[in-house]
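Notes follow once the structure below has been shown.
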Amino acid sequence: MLQIAFIRENQEKVIKALAKRNMDAKSIVDEVVQLDEKRRATQVEMDNILSETNKLSKEIGDLMKNGEKQKAEILKQKVLLQKEKSKELADKTDELAKELTEKLYTLPNLPADIVPEGKTPEDNLNVFQAGEVPVLHDGALPHWELVKKYDIIDFELGVKITGAGFPVYKGKGARLQRALISYFLDKNTDAGYLEYQVPHLVNEASAYGTGQLPDKEGQMYHDATDDLYLIPTAEVPVTNIFRDVILNPNDLPIKCTGYTPCFRREAGSYGAHVRGLNRLHQFDKVEIVRVEHPDNSYKALDEMVEHVKTILDELKLPYRILRLCGGDMGFASALTYDFEVYSTAQERWLEISSVSNFETFQANRLKLRFKDADGKNQLAHTLNGSSLALPRVLAGILENYQTADGIVIPEVLRPYCGFDIIN
């Protein structure tokens, strides 16, 4: 959530920055500023009445001591009227504050200066590319046919048990999935990230804290009975560990990692581009989350990008890194780098990771602060990244490592799998 003081003092800057997201924010910014002015004016009026009430109460005490009960009674009546008025103003202040917060929730984060202009994924900026695209044998197959050929993932069985988008991994497919999770976690913990196992359901406050609500309400599975949400990513519970926390400067940086299943409704996703593992309602992901001093967060973002690069280099998958344009960025992000692996069998790029800096956007909602050198509370910066999302990494491995004799396991994964080939 954007800070109201910043919006109030930088209205044109906010409108211009949000235009990079292809959003005409003038009317909503005007509404926000006007609501804030009303709220502040009401607060001042209430504070003045409370101050006057306190003075009158003191006068009443003095009058009673001096035996001037009649005068005291007159002032008491005035105090009662002022208390009623102050309560009305308090209720009005609360209503205005709530309305203001709801308006602020609709404003996305401001893009960083280096975010490119653009409206669609085609406008994203390719900033890095590595790895050789393999030349596949004649008769090479996309992963949804490979998994059927080698009986390692059963999409039909998932439909039977639950529905489309809930695959069943089996045999060497399940072991390869487990190997990837363990490998990703080991890489992250070796890089100094503390591993967490977190709940897979979160409350409404947690979903608001990281910006999933109200922006992605339609994409989340919701248990109405207990008012809990299935997590779309480990980012939500891991980042909320630090909700309502005031950190000491020496606590920073904080580096966390965690594996969870992720749940997304993906409403309206149809077509060949979402076949097989390309888009699922339930999938596994290993996440990295950082809490940083504002002065260090962009250096931390670069470190996270380099960290994900080392994983893909070890897997020897062809990949590229895109700096997302304003029109393709997530609601809460100030700057995002997407990693995509090339699927030779599908002849297309598959997104496998997003690494983002949210600056103070999440921290403002979370009330996640640290004490600065002067002992004052300041908002921290939060960052997160997929390290990595499994379905499309697995699809890339199955398709790019296929041979006429079977699917070769990347060398770095063999100690985790216990086998070298799926055949």
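Bear in mind that the values here come from a model prediction, so they are computed numbers and not experimental data.
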Please give me the minimum heavy-atom distance between Ala164 and His281, naming the atom from each residue. O-CD2, 2.8 Å
Heavy-atom closest pair (Glu287 atom, Ser386 atom, distance to 0.1 Å) is OE1-CA, 3.7 Å
Using a 6.0 Å cut-off, check whether atom NZ of Lys103 has over 12 heavy atoms from anything other than its own residue. no
Test side chain to side chain contact (heavy atoms under 4.5 Å, CB included) applied to Gln402 and Leu136, step by step: CA-CA 7 Å; Gln402 66 178 300; Leu136 300 181; 3.9 Å; yes
Check whether any side-chain N or O of Asp244 sits under 3.5 Å from a backbone N or O of Lys367 as a donor-acceptor pair, and report yes or no. no
What verdict does the side-chain hydrogen bond (donor to acceptor under 3.5 Å, both in side chains) test give for Tyr342 and Arg320, after you've listed the backbone C-alpha separation in whole Å, the side-chain angles of each residue and the deciding distance to 0.1 Å? CA-CA 8 Å; Tyr342 190 73; Arg320 68 181 183 181; over 6 Å; no
Stepwise, does the ring pair (Phe, Tyr, Trp, His ring centres under 6.0 Å) test hold for Tyr298 with His381? CA-CA 10 Å; Tyr298 278 95; His381 279 197; 7.2 Å; no
First locate atom CG of Leu194, then atom NZ of Lys255, and finally report the distance between them rounded to the nearest 0.5 Å. 11.0 Å
Cation-pi check, Lys285 to Tyr259: give yes when NZ or CZ is under 6.0 Å from the six-membered ring centre and within 45° of the ring axis, no otherwise. no
Residue that, paired with Asn357, satisfies side-chain contact (heavy atoms from CB on, under 4.5 Å) out of Asn384, Leu383, Thr336: Leu383
Just verifying a value: how many Å separate Phe370 CZ and Leu379 CG, rounded to the nearest 0.5 Å? 8.5 Å
Evaluate the ring pair (Phe, Tyr, Trp, His ring centres under 6.0 Å) criterion for residues Tyr208 and Tyr105: first the C-alpha distance (whole Å), next the side-chain angles of each, then the deciding distance (0.1 Å), finally the verdict. CA-CA 9 Å; Tyr208 269 97; Tyr105 277 147; 4.9 Å; yes
Is it true that His307 and Asn188 share a donor-acceptor pair across their side chains at a distance under 3.5 Å? yes
Do you know which two heavy atoms are closest between Arg365 and Gly209, and how far apart they sit? CB-O, 3.6 Å
Over 12 foreign heavy atoms within 6.0 Å of CG, Asn250: yes
Does either side chain, that of Tyr169 or that of Arg178, offer a donor lying less than 3.5 Å from an acceptor on the other one? no
Salt bridge or not for Lys299 and Glu292, using N-O below 4.0 Å? no
Nearest 0.5 Å, what's the CD1-CD1 distance between Ile397 and Ile422? 9.0 Å
If I take atom NE2 from residue His200 and atom CD from residue Gln197, how far apart are they, to the nearest 0.5 angstrom? 7.5 Å
Distance under 6.0 Å and angle within 45° of the ring axis: does Lys172 meet both against Tyr150? no
Identify the heavy atoms of Arg21 and Gly330 that sit nearest to each other, and give their distance. NH2-O, 3.0 Å
Nearest-0.5 Å distance that lies between atom NE2 in His143 and atom OG in Ser343: 8.0 Å
Is Asp313 salt-bridged to Lys309, going by a charged N under 4.0 Å from an acidic O? no
Step by step, work out the side-chain hydrogen bond (donor to acceptor under 3.5 Å, both in side chains) result for Asp284 and Gln177. CA-CA 9 Å; Asp284 293 321; Gln177 183 86 339; 2.9 Å; yes
Asp138 atom CG, over 12 foreign heavy atoms within 6.0 Å: no
Salt bridge flag under 4.0 Å for residues Asp123 and Lys119: no
Any side-chain heavy-atom pair of Leu388 and Ile311 under 4.5 Å: yes
